[in-house]
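First the structure, in the form of structure tokens, and then the observations on it.
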Amino acid sequence: MARIGVISFSDGRDYVHDGIRDFIATTEDKLVDRLTAAGHEVVRGKEIVATNTGASAVARQVAAAGVDLTVFHYAVWAFPHFTMLAAGATPGPLLLLSNIDPVQPGMVGMLAGGGALDQIGRVHTRLWGDPDERALIDKIGVQATASSAVASLRGSTFGRIGGRPMGMNTAVANTDQWQSVFGVDVEEIDQWEIVRRSELADQKEVTRAREWLETNAAGVHYDGKKLTPELLERQIRSYLAMRELIDEWNLDFSGIKGQPEMTQYFATMDIVEAFLNDPYDWNGPKETHVCATEADMDGALTMQLLKHIARTPVLFADVRHYHADRDIWDLCNSGQHATWYAARSDDPAENLSKVHFYPEVFFFPAGGASVHHLAAPGQMTLARLTRRGGNYRMHLMLGDFETYDDETNAQLMRQSTFEWPHAFARLDAKADDFLSRFGANHIHAVPGDHRAEVRAACELLGVELDEFTRG
Ligand SMILES: C[C@H](O)[C@@H](O)[C@@H](O)C(=O)CO
């Protein structure tokens with residue numbers, strides 16, 4: 001849940017303010033109470049704003065508490081220049097909220113304040129209603145979550161391990177644009193660092209990790225060639241190397257090039273990417289670390305935003321195949337999905353009991369394990385940042401992951417690459433529309449309907465929305 005500032009505005013005539021102070025305080029009490037009950041932390045202005053100096057001082061006090069979103073609250077007619085002064089002292093996102101009680105002209109106060117902000121180009125959102133309506137409190141929560149997700153990007157660092165894979169332009173972004181639009185810095189690290197550090201990994205932990213995978217997975221299918229205990233250990237060592245790089249370089253999220261150098265001459269990075277994206281490893285629960293296959297920068301950025309909105313692991317997948325007869329898509333990555341998606345359980349054993357580690361397929365001569373499973377069913381939000389003519393746009397849609405009987409699942413998975421992970425997605429998008437417009441080979445997903453938060457985040461970022469729907 002988010003940290004929300006609340007500042008109430010009043011009339012600048014002292015004799016009017018004296019008469020309405022209690023009314024404002026009562027409505028503010030109710031708003032704060034309902035936001036707190038919804039799980040948010042609320043930072044209240046130290047006084048109701050009724051003077052110019054008060055406007056700046058109260059806004060500075062609320063901003064200093066590090067709020068995700070500041071609600072300007074209009075229960076009465078309020079002098080609009082107080083709004084302007086307070087906005088000037090509020091660096092974060094603003095939401096103007098008016099009550100709908102006809103006893104006092106709060107709506108007029110909000111429109112006058114909002115109009116003044118429009119005149120100076122200060123972006124804000126507006127809401128109106130009674131805090132007793134759950135829908136209103138939820139809408140404020142959506143804005144606060146989006147604000148906090150956008151704020152979490154600013155000042156963060158993406159670790160780009162290796163460069164553009166296999167000529168994939170959609171995996172490479174402009175670092176100046178990342179800094180100016182999203183506030184994200186990029187640390188370039190050579191893949192050699194994974195190789196070098198993997199050799200130094202602690203053998204005790206490597207053995208323990210391999211045994212944990214062997215014990216908990218549905219199967220580790222050693223074949224003596226492409227998947228041996230030594231190759232699996234090399235992948236585990238690579239995971240430990242990445243953890244060191246993340247700690248040493250303070251990386252918030254990352255991507256690994258993988259192909260072709262690692263996949264031809266060392267090992268695939270599938271174990272690494274799966275368990276970085278997972279909320280656990282053999283050492284127990286941990287924070288997820290978004291890591292994109294093929295060092296896909298805009299993919300990783302989409303995932304990092306989704307992570308902060310949904311607070312779950314995020315799926316990374318190729319848009320691999322459209323089963324036209326069933327109207328479903330096989331979202332299948334070239335080796336890994338976070339294992340959490342197999343059952344979406346808090347218990348790793350439950351997820352891993354549905355995961356098979358298979359020898360890598362012919363694309364990847366160096367071998368290692370691919371992480372095979374089928375994503376559990378449920379409603380998903382699917383999204384992807386892409387660029388058109390140099391400008392960012394966010395593709396966004398709802399979908400349902402589906403599963404069928406075992407025989408059908410296997411038959412469908414065998415049509416693409418069985419050994420890789422799959423998600424059968426019924427998208428709320430017409431296939432023709434999707435294939436004509438979607439600007440990348442990778443797509444990302446989180447459970448539930450988070451479109452409202454993604455829309456709000458795009459608004460804050462100034463990123464164009466490109467929504468798909470059949471409707
Ligand atoms: C087969 C290739 O090597 C895969 O990596 C390719 O299908 C992709 O994943 C492209 O994103």
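As the structure lists them, so they are numbered: ligands from 1, and atoms in each ligand from 1. Heads up: numbering here begins at 1 and tracks the sequence.
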Relative to the heavy atoms of [X], which atoms of ligand 1 are at a distance of less than 4.0 Å?
X	result
F363	1 (C)
M166	5 (O)
Q259	2 (C), 3 (O), 4 (C), 5 (O)
M168	10 (C), 11 (O)
S334	4 (C), 5 (O), 9 (O)

Exercise. Is the centre of the W178 ring less than 6.0 Å from the centre of the F158 ring?
Worked result: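 Yes - the distance between ring centres of W178 and F158 falls below the 6.0 Å cut-off.
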Exercise. Side chain to side chain donor-acceptor pair (under 3.5 Å) with E453: which residues, sequence neighbours excluded?
Worked result: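 Expected list: none.
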Exercise. When you look at H395 and F468, which way does the ring pair (Phe, Tyr, Trp, His ring centres under 6.0 Å) test go after all the steps?
Worked result: CA-CA 7 Å; H395 300 303; F468 288 83; 5.8 Å; yes
Exercise. Is a side-chain donor-acceptor pair under 3.5 Å present for D185 with T157?
Worked result: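 No.
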Problem set entry | Side-chain donor-acceptor pair present, H289, S254, cut-off under 3.5 Å |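 Yes, a side-chain donor-acceptor pair sits under 3.5 Å.
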Problem set entry | Candidate with minimal heavy-atom separation from atom 8 (C) of ligand 1, of V319, V361, D318, N441 |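 Answer by nearest heavy atom: D318.
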